[in-house]
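Below is one structure, written out as structure tokens; the observations come after it.
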Amino acid sequence: MRRKFDTENYKFSQHKECEFFPCHKVKDDSGFNCLFCYCPLYMLKDQCGGNFKYTNGVKDCSDCFIPHSTKAYEHVMSKIGEVIRIGSDKSESQIIEK
Ligand code: SF4
């Protein structure tokens with residue numbers, strides 16, 4: 001059973017003491033989300049829904065700010081089922097979705 005909270009602090013984290021903060025150039029870093037420092041959707045290739053390009057065949061996410069936005073959690077969670085499916089040794093029908 002999931003616990004209910006009045007807040008959603010788990011969706012946003014900022015680490016201003018990080019030597020790389022902010023790791024992407026932005027005008028205003030007040031909403032810069034560090035929750036997904038490395039994007040968990042990279043493995044989804046062209047299905048991640050982000051603003052990537054391929055440079056010499058390598059996926060380049062330099063221009064994508066989705067994982068560092070205030071809506072990062074929603075976007076990543078909307079795709080995480082596919083990441084779990086790819087990484088699982090179970091068939092799709094064996095994976096229980098909540
Ligand atoms: S950073 Fe953006 S483009 Fe790169 S994998 Fe994540 S969502 Fe896709």
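- Every residue was checked against the ring pair (Phe, Tyr, Trp, His ring centres under 6.0 Å) condition with His75, not counting sequence neighbours, and none meets it.
- Judged as a ring pair (Phe, Tyr, Trp, His ring centres under 6.0 Å), and not counting sequence neighbours, the contacts of Phe21 are Phe32.
- In this structure a side-chain-to-backbone donor-acceptor pair under 3.5 Å is missing from Thr55 to Val58.
- One hydrophobic cluster, built from ILVMFWY side chains closer than 4.5 Å, holds both Leu41 and Phe36.
- At least one donor-acceptor pair closer than 3.5 Å links the side chain of Gln14 to the backbone N or O of Asp29.
- Phe12 and Val26 fall into different hydrophobic clusters, defined by Ile, Leu, Val, Met, Phe, Trp and Tyr side-chain heavy atoms under 4.5 Å apart, directly or through other members.
- Residues Cys64 and Gly50 share a closest heavy-atom pair of SG-CA, 3.9 Å.
- Within the structure, the salt bridge (charged side-chain N to carboxylate O under 4.0 Å, His left out) test picks out the following pairs touching residues 45-72 (sequence neighbours left out): Lys53-Asp60, Lys53-Asp63.
- Counting only heavy atoms from C-beta outward, the side chains of Ser69 and Asn33 never approach each other to under 4.5 Å.
- Ile66 shares a hydrophobic cluster with no other residue; no ILVMFWY side chain has heavy atoms under 4.5 Å from its own.
- Cluster annotation: Tyr73 and Leu44 are assigned to the same hydrophobic cluster (Ile/Leu/Val/Met/Phe/Trp/Tyr, side-chain heavy-atom contacts under 4.5 Å, transitive).
- Note on Glu82 versus Lys79: no salt bridge recorded, every NZ/NE/NH1/NH2 to OD/OE distance being 4.0 Å or above.
- Applying the ring pair (Phe, Tyr, Trp, His ring centres under 6.0 Å) rule to His24 yields the partners Phe65, His68; only residues at least two apart in sequence or on another chain are considered.
- Counting all heavy atoms, side chain and backbone alike, Pro67 lies closest to Ala72 at O-CB, 3.4 Å.
- A continuous path of hydrophobic side-chain contacts links Leu35 to Tyr10 [ILVMFWY only; heavy atoms under 4.5 Å].
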Chi angles and distances behind the side-chain contact (heavy atoms from CB on, under 4.5 Å) call for Tyr42, Cys48 = CA-CA 7 Å; Tyr42 189 83; Cys48 66; over 6 Å; no

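- At most 12 non-hydrogen atoms from other residues, nucleotides or ligands lie less than 6.0 angstrom from OH of Tyr38.
- Under the salt bridge (Lys or Arg N to Asp or Glu O under 4.0 Å) criterion, Glu17 pairs with no residue, sequence neighbours left out.
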